[in-house]
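Here's the structure we're looking at; comments come further down.
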Amino acid sequence: MIESDEIQLIPGESADRSPSVGALSQGGQTPTNLNIILADLEDSADLAAQFQSSVSIGDHAFSQMEEDIDKQRLLGGQPAYATADPETASMTSDLQHKQRYERLLRRAKTEDLSEVSGIGCLYQCGVDKFGRPVIIFIGKWFKFNEINLEKAILYLIYLLDPLVRGDYVIVYFHTITTTENHPSLAWIREVYEVLEYKYKKNLKAFYIVHPTLWTKIMTWWFTTFMAPQIKHKVHSVPGVEYLYDIIDQDQLEIPAYITEHDMTVNGIRYYKPGSASS
């Protein structure tokens with residue numbers, strides 16, 4: 001049941017590959033159509049705002065934290081070496097990027113990041129069946145307009161840098177999130193571009209649990225136009241139990257509200273071993 005996060009925007013076809021309503025009713029409870037419609041309407045309004053704001057790259061506090069070549073490029077400027085030959089330009093760009101990342105890593109190791117770590121929205125949680133570290137991201141606890149975005153990226157680097165030297169997996173829980181939990185497309189791009197190549201290369205899978213219209217369109221847009229090299233690594237799953245093919249249940253520590261919501265929308269014992277793949 002774990003499927004690559006592709007969307008088909010064709011009339012008459014559904015972009016949601018979740019189990020049917022009939023199948024979800026095994027637990028005696030199903031989500032109301034009204035709630036689903038309202039959630040999709042909220043996601044649609046938020047998506048419109050996201051794509052409109054995506055042209056304003058550099059407005060966030062994080063984009064102003066380093067005066068270097070990455071910021072110049074994101075803001076549309078041309079660095080001095082851009083007029084040099086392609087090989088020199090590439091080497092200079094790589095060096096600039098590496099130096100910037102090393103500066104951020106030094107800051108991540110020395111600065112007080114307790115205000116971000118204390119939120120509990122990002123943490124390592126055991127390993128999968130292949131022994132790869134599993135990183136958990138709780139979307140509901142990430143308040144995009146309230147959190148210090150500069151410290152957020154520093155904490156991300158602090159936590160992941162020692163783990164991404166080898167293969168790793170990320171599980172993002174989109175459970176019961178609202179627009180206040182949705183990061184902008186511009187900020188997602190900034191974070192992706194500041195991270196070193198090892199983050200992309202050693203990421204083996206990115207699972208989105210309880211996806212919505214917002215996650216599907218944002219994921220499609222990002223992996224199509226900004227990060228096509230990781231497109232095949234992103235998968236949407238409609239329920240927690242579908243993760244058990246790749247992560248043992250005792251290795252998955254998640255907030256109780258996620259499990260409760262999962263039982264509400266999917267029922268109980270809906271998982272069938274062998275229905276997913278790594």
Side-chain angles (χ1 to χ4, degrees), residues 1-3 5 18-19 24 27 29 31 108 112-144 146-147 151-178 180-183 191 195 199 202-212 215 219 233-278:
M1 287 298 299
I2 296 181
E3 302 178 8
D5 200 26
S18 304
L24 298 183
Q29 303 180 60
D112 180 10
L113 305 176
S114 57
E115 66 177 277
V116 178
S117 62
I119 296 173
C121 63
L122 184 70
Y123 56 94
Q124 181 188 358
C125 176
V127 296
D128 69 3
K129 293 184 177 181
F130 298 93
R132 303 176 297 200
V134 176
I135 309 301
I136 301 294
F137 182 30
I138 308 297
K140 184 176 175 60
W141 292 351
F142 180 79
K143 309 288 187 179
F144 179 68
E146 298 178 12
I147 195 170
K151 289 186 178 294
I153 185 61
L154 291 176
Y155 181 67
L156 175 70
I157 292 174
Y158 172 81
L159 179 67
L160 265 62
D161 184 78
L163 301 177
V164 302
R165 296 169 187 173
D167 297 345
Y168 70 104
V169 171
I170 294 178
V171 182
Y172 167 62
F173 289 91
H174 193 62
T175 315
I176 320 181
T177 59
T178 64
E180 68 176 354
N181 307 122
H182 298 171
V191 172
L195 298 178
Y199 284 80
N202 294 331
L203 173 66
K204 296 308 173 185
F206 189 109
Y207 298 99
I208 301 173
V209 184
H210 299 138
T212 64
T215 62
T219 300
K233 301 181 181 182
V234 181
H235 312 275
S236 286
V237 293
V240 176
E241 291 187 14
Y242 294 110
L243 295 173
Y244 296 162
D245 264 339
I246 56 165
I247 305 172
D248 288 329
Q249 188 172 357
D250 62 357
Q251 292 288 313
L252 196 62
E253 298 179 7
I254 54 177
Y257 84 88
I258 293 178
T259 304
E260 294 168 358
H261 174 80
D262 192 63
M263 292 178 63
T264 299
V265 298
N266 289 326
I268 58 175
R269 294 186 295 275
Y270 58 88
Y271 163 72
K272 296 180 179 180
S275 61
S277 62
S278 63

Would you please test Asp167 and Lys204 for salt bridge (charged side-chain N to carboxylate O under 4.0 Å, His left out) and show each step? CA-CA 6 Å; Asp167 297 345; Lys204 296 308 173 185; 3.7 Å; yes
Intermediate values then yes/no, side-chain contact (heavy atoms from CB on, under 4.5 Å), Leu163 and Gln124: CA-CA 9 Å; Leu163 301 177; Gln124 181 188 358; 3.7 Å; yes
Begin from the C-alpha positions of Tyr199 and Tyr168 and carry the test ring-ring contact (aromatic ring centres under 6.0 Å, His included) through to its verdict. CA-CA 9 Å; Tyr199 284 80; Tyr168 70 104; 7.0 Å; no
Evaluate the criterion side chain to side chain donor-acceptor pair (under 3.5 Å) for residue pair His261 and Thr264; output intermediate values, then yes/no. CA-CA 5 Å; His261 174 80; Thr264 299; 5.7 Å; no
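Heavy-atom minimum distance, Gln251 versus Val127: OE1-N, 2.9 Å. Smallest separation of non-hydrogen atoms from Asn181 and Thr177: OD1-CA, 3.4 Å. Across every non-hydrogen atom of Cys125 and Ile136, the tightest pair is CB-CG1, 3.4 Å. When every heavy atom of Pro211 is checked against every heavy atom of Pro238, the shortest pair comes out as CD-CA, 4.2 Å. Ala152 and Val116 make their closest contact through N-CG2, 3.9 Å (heavy atoms, listed as atom of the first residue, atom of the second, distance).
Counting heavy atoms from C-beta on, the side chains of Asn202 and Arg165 never come closer than 4.5 Å. The closest side-chain heavy-atom distance from Phe173 to Pro255 is not below 4.5 Å. At a threshold of 4.5 Å between non-hydrogen side-chain atoms, the residues Tyr207 and Leu243 count as touching. The shortest side-chain heavy-atom distance between Ile247 and Lys129 does not fall under the 4.5 Å cut-off. Contact of the Ile119 side chain with the Phe142 side chain is not registered, since no non-hydrogen atoms from C-beta on lie closer than 4.5 Å. A heavy-atom distance below 4.5 Å is not found between the side chains of Phe137 and Tyr123. Residues Ile170 and Leu203 form a side-chain contact, since some pair of their non-hydrogen atoms from C-beta on lies under 4.5 Å apart. Inter-residue side-chain proximity for Val169 and Ile135 is flagged as unmet; no heavy-atom pair is nearer than 4.5 Å.
Defined by atom type and a distance below 3.5 Å, a donor-acceptor pair is present between the side-chain atoms of Thr175 and His210. Residues Tyr270 and Asp262 have side chains that bring a donor and an acceptor to within less than 3.5 angstrom of each other.
Under a cut-off of 6.0 angstrom, the local environment of OH in Tyr155 is crowded, with over 12 non-hydrogen atoms contributed by other residues, nucleotides or ligands. Counting non-hydrogen atoms of neighbouring residues, nucleotides and ligands closer than 6.0 angstrom, the CD atom of Glu115 exceeds 12 such neighbours.
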